[in-house]
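Letters A, B, ... are given to chains in the order of the sequence lines, protein chains preceding strands, and every chain is numbered from 1.
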There are 4 protein chains.
Amino acid sequence: MKIGFIGLGTMGKPMARNLAKAGYELIVYNRNREKAQGWPDGAKVQVAGSAAEVAGQADILFTMLTDDAAVEEVYLGKEGLLEGASGRNNPELLVVDCSTIHPDTTLKMAERLASAGIEMLDAPVTGSEPQAEEGVLTFIVGGKPSLYEKCVPLFDVMGKKAVHMGAQGAGAKAKLANNALVATTLIALSESLALVQKSGVDPRLFLEVVAGGGARSGMAEMKGPKILGRDYSPQFMAKLMHKDLKLASRLAESVQVPMPALAAAKQVFQIACNLGLGDEDMSAVAKCYEQWSRIGGQHS
Amino acid sequence: MKIGFIGLGTMGKPMARNLAKAGYELIVYNRNREKAQGWPDGAKVQVAGSAAEVAGQADILFTMLTDDAAVEEVYLGKEGLLEGASGRNNPELLVVDCSTIHPDTTLKMAERLASAGIEMLDAPVTGSEPQAEEGVLTFIVGGKPSLYEKCVPLFDVMGKKAVHMGAQGAGAKAKLANNALVATTLIALSESLALVQKSGVDPRLFLEVVAGGGARSGMAEMKGPKILGRDYSPQFMAKLMHKDLKLASRLAESVQVPMPALAAAKQVFQIACNLGLGDEDMSAVAKCYEQWSRIGGQHS
Amino acid sequence: MKIGFIGLGTMGKPMARNLAKAGYELIVYNRNREKAQGWPDGAKVQVAGSAAEVAGQADILFTMLTDDAAVEEVYLGKEGLLEGASGRNNPELLVVDCSTIHPDTTLKMAERLASAGIEMLDAPVTGSEPQAEEGVLTFIVGGKPSLYEKCVPLFDVMGKKAVHMGAQGAGAKAKLANNALVATTLIALSESLALVQKSGVDPRLFLEVVAGGGARSGMAEMKGPKILGRDYSPQFMAKLMHKDLKLASRLAESVQVPMPALAAAKQVFQIACNLGLGDEDMSAVAKCYEQWSRIGGQHS
Amino acid sequence: MKIGFIGLGTMGKPMARNLAKAGYELIVYNRNREKAQGWPDGAKVQVAGSAAEVAGQADILFTMLTDDAAVEEVYLGKEGLLEGASGRNNPELLVVDCSTIHPDTTLKMAERLASAGIEMLDAPVTGSEPQAEEGVLTFIVGGKPSLYEKCVPLFDVMGKKAVHMGAQGAGAKAKLANNALVATTLIALSESLALVQKSGVDPRLFLEVVAGGGARSGMAEMKGPKILGRDYSPQFMAKLMHKDLKLASRLAESVQVPMPALAAAKQVFQIACNLGLGDEDMSAVAKCYEQWSRIGGQHS
């Protein structure tokens, strides 16, 4: 069995590397070819010249791409996945998209692939770079149960957990709801940290209190210390979270769910990106609150 | 050493009971005298007829009251704590207020007590009824270090942790920031649950995904299953959280910190209380989202 | 010169009628053919069987349609405008779209028409049913100046004012910004009316105060008395405003402008529509505040 | 009849000057005595050395002060109004407070004055410096009808309109609701102006469109051109509006009215003040949107 992997960025590269380490034979492609280099010793990795080439040879093909436009380009574009899959002898190809995109795009891709006899799962992940490297991602999967079962061994290599959410698109939907929750919790954390700091309370002690009670959260645990230490090196960039919040809001509109707290949080992410923080970690939204509250001489 | 305890409600009663179980001699008072009954066999509990009587005899006196008005009444009112303390032979009395109130009220009480030679700590807690019963509260303490040290053995009986946050009022401030974080996280959870439900995704599977990633939180863990099971029996009433959010907003105003996500969350709590949900658990805010999203035939 | 008119709903019908009254020769089409009946005595109105038929004969062709999907269908669909225009002998056709749609859709339509040699203006209007009937709309126009000049006499018949905003799409953009302003002002009015009512102040006197100072607005003037009189008969339906707010938010996202007050207002419109108020006048958002504030026994 | 006037700031001075011009005999006091100088030729103005002195001599006494604290100080403080009134021979004194303060403070002042046999009206105004100078303010009055009638001739001198809103405090309440409406409308205007500017539409043409339709407002008319002309010279300072929004929110809390759009608007005013714009005109909130949207090289 040959595993395809398209999209070797911050997330995709360590995911593919974990597959290679586990002994799988890979065929990979990345637009920027430099990123397609650098594999563990002894890894069986073939670097392809196009998405089409990967799609021509792989049995199971993972994609991990930036956004809806990139997915459309790689799947439907020139020398893309669909083009490559059309020329296959062996018709059996399963595409697993790990990108975080709008469920409508997911469904459109699945439909186009299906018309060429190709199966698909949507399988976005929770976790960012460190989790990808350690192989402890969570896969949120939508699509046929039999396809999900087929991929479980691979999910196990790259992640600590995989949840089959339901039909095609269910993974994409759950991922957006998950990130809406992450972002709003992060904003809430930033607000409370600004409040204690301006109130003259040591924010480190505050995080200790938070950790011991109902206010605890993955964000407080992972991002709290980084915010206080002013370490905004990107694990998940603010601009990517902003993109996800726009997708989540669109999903909310289409299923008619009001989300006022998400709406408020999304505005802060928009402002953060406009203030030039988009390439920093998403926790850099805390800088907005520092500026707005005149904390630490941040007021310009 | 005799321990005083004033305020034997949902939180105060189990806290006092844990002290009694640990063998401490108690003198207690509650406005509603029925609640002052019902102690473990062998407990040394004396029921007083007024706050003043407690203040006349206790060495360390805990108060656990509903709001700022109740604290002012019990501390400064007729037959209150200050009145009772004035007639003491032994001047050494340490008052420990565990109520969640505005730090300005804390400072005002401390000043009044100080003028009568009485020391005070502010020591609100995180955790609600179940944590109070199991003795696993977290105490968030403001005041002199020596006083804090004096109370640590008592905090250990009632809680799993105590953090000395700084000077008088620091506990009160940190508590409000903590509850702002709890409430906004809970609102974010309610929004994402509504989103997945309207999107046709099983919310139980969603909670599983949340638990495994950066979206995890005390709220998702504790309140998520209750929301899905429609169990809104009060552990911490929505109206009490609404009260705390008003106090947190006032603190934010006074230290000039903008908190747009908290502001949005507070509105939902206001609406929930107006819709008659104030006496249910704070997680009943999820019902607003159900009504607003037409989930489960909730639309009236 | 023959004027085409497609879309004879609440707005389009009185607009077309005003053109007919002014003596213009019309060819009209509406999907629901009943609405294509009922013209002033002596009017020269030809009822066509399709959009294509209108496009085959008109010199200037107005469209006034519900949303982006309707515009795409009428312009590009089967028996649509583009199809009809292709068979013309006289190539000169000017299409004027008065619908409120996303500027991207405007530009897409203009491009498709241009490829068939057809010119286009985007010319959405401010004003609702009463203004359409009285011929006092304001046209907000984007496109070539020469085309704008050509239409001024027709705008004058249907409106009191026309403003040439700039290049193609400028009308559509300005219209969305205008409606964002209308909606947020209306929400602000609803909030202040609820506040005075719950404070025990006569809201009629409040509107008098508002009218005399900086708080005055078209909304206070036009919708204030209707809200107090509980007259929510639709002049501009809440669901249509909600649609416009979604478009305005998308425009804001694409040009990266944070709009927190609009975001809050949009949520209330979403809730209002979900509560079944979508077909009432947009001022029915005031009912949300009545319910949320327990005014007038509205609490269910 | 002698008219007292305490508080000769941006608003109070021109109001008092209009009374003097109309021939009334005045006795005035201002903490900063320089501002008590500079009256029209022939004006009968006596400058007092304290609020008490004014209260000892005036028949009708206007106060126009900055905030609740200033009112409490002038009314109840040393050498204050109440002290001065106590020593009067003629007991008839009517106090008219034009300050914008919380209705609870109004009621507290009225009660204290009443215990000394002094009558009071609350009569805050809409309009800012230019309206004060031209004598075209609107008085929003709460208190006994007979007292209101007594003051109508004086209101007529200083204003174009006076509305008797109801019992004591009704003026104060209506004023806060009015300013909530002003501020939220101003924020909505700032958002739409940022949207059109970033969309490439001329904001001057946009204001023209706004003026002709339902989006029109006092704010668009008065502040729109100033925002585009970058003239933020204070007519009504941002920090004073922020103060009023905090009071309005507190009133809303006490009567349990959710106001999500006001809540969002108030956050922007808080940020504007923290960014150093508090002493500029309230329309300087538009600068936040410029910075947040990277308009006009405002991005720092």
Student: For C:Ala194, is it the side chain, the backbone, both or neither that has a heavy atom under 4.5 Å from a heavy atom of chain D?
Tutor: both
Student: Counting heavy-atom pairs under 4.5 Å with chain D, which one of C:Gly142, C:Pro260, C:Ala188 comes out on top?
Tutor: C:Pro260
Student: Heavy-atom pairs under 4.5 Å with chain D are the metric here; pick the option from C:Val196, C:Thr185, C:Leu195, C:Thr184 that has the most.
Tutor: C:Leu195
Student: Checking the side chain of C:Tyr232 only, and the main-chain atoms of C:Ala286 only, is there a donor and an acceptor separated by less than 3.5 Å?
Tutor: no
Student: Does any heavy atom of chain C fall under 4.5 Å from the side chain of D:Thr126, the backbone, both, or neither of them?
Tutor: side chain
Student: D:Ile187 versus chain C, heavy atoms under 4.5 Å apart: side chain, backbone, both or neither?
Tutor: side chain
Student: Most heavy-atom pairs under 4.5 angstrom with chain D, which of C:Val182, C:Leu176, C:Leu205?
Tutor: C:Leu205
Student: Could you tell me which portion of C:Lys175 (side chain, backbone, both or neither) has an atom closer than 4.5 angstrom to a non-hydrogen atom of chain D?
Tutor: neither
Student: Measure D:Met222 against the heavy atoms of chain C and call it side chain, backbone, both or neither at under 4.5 Å.
Tutor: side chain
Student: Counting only N and O atoms by type, is there a donor-acceptor contact under 3.5 Å from the side chain of C:Gln168 to the main-chain atoms of C:Leu107?
Tutor: no
Student: Report yes or no: does C:Ser192 contribute a side-chain atom to a donor-acceptor pair with the main-chain N or O of D:Ala177 at less than 3.5 Å?
Tutor: yes
Student: Can you check salt bridge (Lys or Arg N to Asp or Glu O under 4.0 Å) on C:Glu134 and C:Lys160, steps first, answer last?
Tutor: CA-CA 9 Å; C:Glu134 294 169 41; C:Lys160 63 175 179 189; over 6 Å; no
Student: Please classify the contact between D:Ala265 and chain C as side chain, backbone, both or neither, with a heavy-atom cut-off of under 4.5 Å.
Tutor: neither
Student: Against chain D, label C:Lys198 side chain, backbone, both or neither, depending on which of its atoms sit under 4.5 Å from a heavy atom there.
Tutor: both
Student: Stepwise, does the side chain to side chain donor-acceptor pair (under 3.5 Å) test hold for D:Thr105 with D:Asp68?
Tutor: CA-CA 7 Å; D:Thr105 306; D:Asp68 294 62; 2.5 Å; yes
Student: Which atom names give the shortest non-hydrogen contact between D:Thr100 and D:Leu247, and what distance separates them?
Tutor: O-CD1, 4.0 Å
Student: Taking the side chain as everything from C-beta on, heavy atoms only, tell me whether D:Met109 gets closer than 4.5 Å to D:Met120.
Tutor: yes
Student: Regarding D:Gln270 and D:Lys246, is there a side-chain donor-to-acceptor distance under 3.5 Å anywhere?
Tutor: no
Student: Are D:Lys287 and D:Gln291 close enough, and set up right, to give a side chain to side chain contact (heavy atoms under 4.5 Å, CB included), and what steps lead you there?
Tutor: CA-CA 6 Å; D:Lys287 287 190 191 179; D:Gln291 188 202 35; over 6 Å; no
Student: Any idea which of D:Arg216, D:Lys161, D:Gln131, D:Lys173 has the most non-hydrogen atom pairs under 4.5 angstrom with chain C?
Tutor: D:Arg216
Student: Please look at C:Glu221 and chain D and tell me whether the side chain, the backbone, both or neither of the residue comes under 4.5 angstrom of a heavy atom of that chain.
Tutor: side chain
Student: Quick one: of C:Val257, C:Thr138, C:Leu186, who has the most non-hydrogen atom pairs under 4.5 Å with chain D?
Tutor: C:Val257
Student: State whether the side chain of D:Asp244 and the backbone N or O of D:Asn179 hold a donor-acceptor pair below 3.5 Å, judged by distance alone.
Tutor: no
Student: Only pairs of heavy atoms separated by less than 4.5 Å count here; which of D:Gln267, D:Met165, D:Met219 has the most with chain C?
Tutor: D:Met165
Student: Should the pair C:Glu290-C:Arg230 be classified as a salt bridge under the 4.0 Å nitrogen-to-oxygen rule?
Tutor: yes
Student: Using non-hydrogen atoms only, which part of C:Leu251 is less than 4.5 Å away from chain D: side chain, backbone, both, or neither?
Tutor: both
Student: Where on C:Ala264 is there a heavy atom nearer than 4.5 Å to chain D: the side chain, the backbone, both, or neither?
Tutor: side chain
Student: In terms of heavy-atom pairs under 4.5 Å with chain C, which of D:Val210, D:Leu181, D:Val125 leads?
Tutor: D:Leu181
Student: Given that the side chain runs from C-beta out, which part of C:Ser199 has a heavy atom under 4.5 Å from chain D: side chain, backbone, both or neither?
Tutor: both
Student: For C:Ser217, which atoms come within 4.5 Å of any heavy atom of chain D: side chain, backbone, both, or neither?
Tutor: both
Student: Counting heavy-atom pairs under 4.5 Å to chain D, which of C:Gly212, C:Ser190, C:Ala248, C:Gly213 comes out on top?
Tutor: C:Gly212
Student: Counting N and O atoms only, with roles assigned by atom type, does the side chain of C:Asp122 sit under 3.5 Å from a partner on the main chain of C:Ala172, one being a donor and the other an acceptor?
Tutor: yes
Student: Relative to chain C, which segment of D:Tyr289 carries a heavy atom at a distance below 4.5 Å: side chain, backbone, both, or neither?
Tutor: side chain
Student: I'd like to know if D:Asp281 pairs up with D:Lys223 as an ion pair, taking the criterion as any Lys NZ or Arg NE/NH1/NH2 lying under 4.0 Å from an Asp or Glu carboxylate oxygen.
Tutor: yes
Student: Counting only heavy atoms closer than 4.5 Å, note whether C:Val163 contacts chain D via side chain, backbone, both or neither.
Tutor: side chain
